Amino acid sequence: MQTLINYLDRHLAMCKKYADSQSLKRTYFDQAFGMLTMYCGLYPNNYAKAEKLWDEVYRPQFEAIMWGE
């Protein structure tokens with residue numbers, strides 16, 4: 001799970017860094033979600049933890065950068 005968190009943190013940082021480019025922000029968001037789905041496929045026993053991490057921690061942060069929510 002720590003490797004997933006590291007990757008998500010890195011993509012969130014890149015999303016912030018390139019906040020002036022809507023296409024790059026969308027790319028980092030999409031890649032981060034792709035990482036999550038791959039992780040869930042590889043480690044199905046951790047699905048609930050990973051889903052909660054995405055829904056409560058990372059998705060809101062990405063959305064705030066992307067759409068100002």
Side-chain angles (χ1 to χ4, degrees):
M1 176 79 74
Q2 188 58 49
T3 300
L4 173 64
I5 291 169
N6 292 342
Y7 275 104
L8 292 172
D9 285 342
R10 177 76 176 142
H11 274 62
L12 186 61
M14 295 303 285
C15 191
K16 289 176 185 175
K17 181 177 180 177
Y18 296 107
D20 59 332
S21 171
Q22 190 63 30
S23 64
L24 285 175
K25 291 187 293 187
R26 185 63 198 214
T27 296
Y28 287 116
F29 174 83
D30 289 343
Q31 288 178 353
F33 186 73
M35 284 182 244
L36 176 82
T37 59
M38 177 169 246
Y39 179 85
C40 290
L42 292 170
Y43 305 100
N45 292 337
N46 291 342
Y47 180 87
K49 282 185 192 177
E51 182 181 43
K52 183 175 181 176
L53 181 69
W54 178 255
D55 287 341
E56 294 179 6
V57 178
Y58 287 97
R59 185 175 50 111
Q61 291 182 71
F62 275 105
E63 289 177 347
I65 297 165
M66 293 174 59
W67 299 296
E69 295 177 8

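Just the heavy atoms: all of them, side chains too, but no hydrogens, waters or symmetry mates, feed the values below. Fair warning: this is a prediction, and the values are worked out from it, not measured in the lab.
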Scan the side chains in residues 12-27 for donor-acceptor partners under 3.5 Å anywhere in the protein, sequence neighbours excluded, and list what turns up.
from: S21; atom 1: OG; to: S23; atom 2: OG; distance (Å): 3.3
from: S21; atom 1: OG; to: L24; atom 2: N; distance (Å): 3.2
from: Q22; atom 1: OE1; to: K25; atom 2: NZ; distance (Å): 3.2
from: K25; atom 1: NZ; to: A19; atom 2: O; distance (Å): 3.1
from: K25; atom 1: NZ; to: I65; atom 2: O; distance (Å): 3.4
from: R26; atom 1: NE; to: D30; atom 2: OD1; distance (Å): 3.0
from: R26; atom 1: NE; to: D30; atom 2: OD2; distance (Å): 3.4
from: R26; atom 1: NH2; to: D30; atom 2: OD1; distance (Å): 3.4
from: T27; atom 1: OG1; to: S23; atom 2: O; distance (Å): 2.9

Sub-4.5 Å side-chain heavy-atom contact between Y28 and Q31 = yes
Show me the donor-acceptor pairs within less than 3.5 Å that the side chains of residues 44-59 make with the rest of the protein, sequence neighbours left out.
from: N46; atom 1: ND2; to: Y39; atom 2: OH; distance (Å): 2.8
from: Y58; atom 1: OH; to: D9; atom 2: OD1; distance (Å): 2.5

task = Verify the neighbour count for atom CE of M1: are there more than 12 heavy atoms of other residues, nucleotides or ligands below 6.0 Å?
result = yes
query = For the atom pair OH (Y7) and CD (Q2), what is the distance rounded to the nearest 0.5 Å?
reply = 12.5 Å
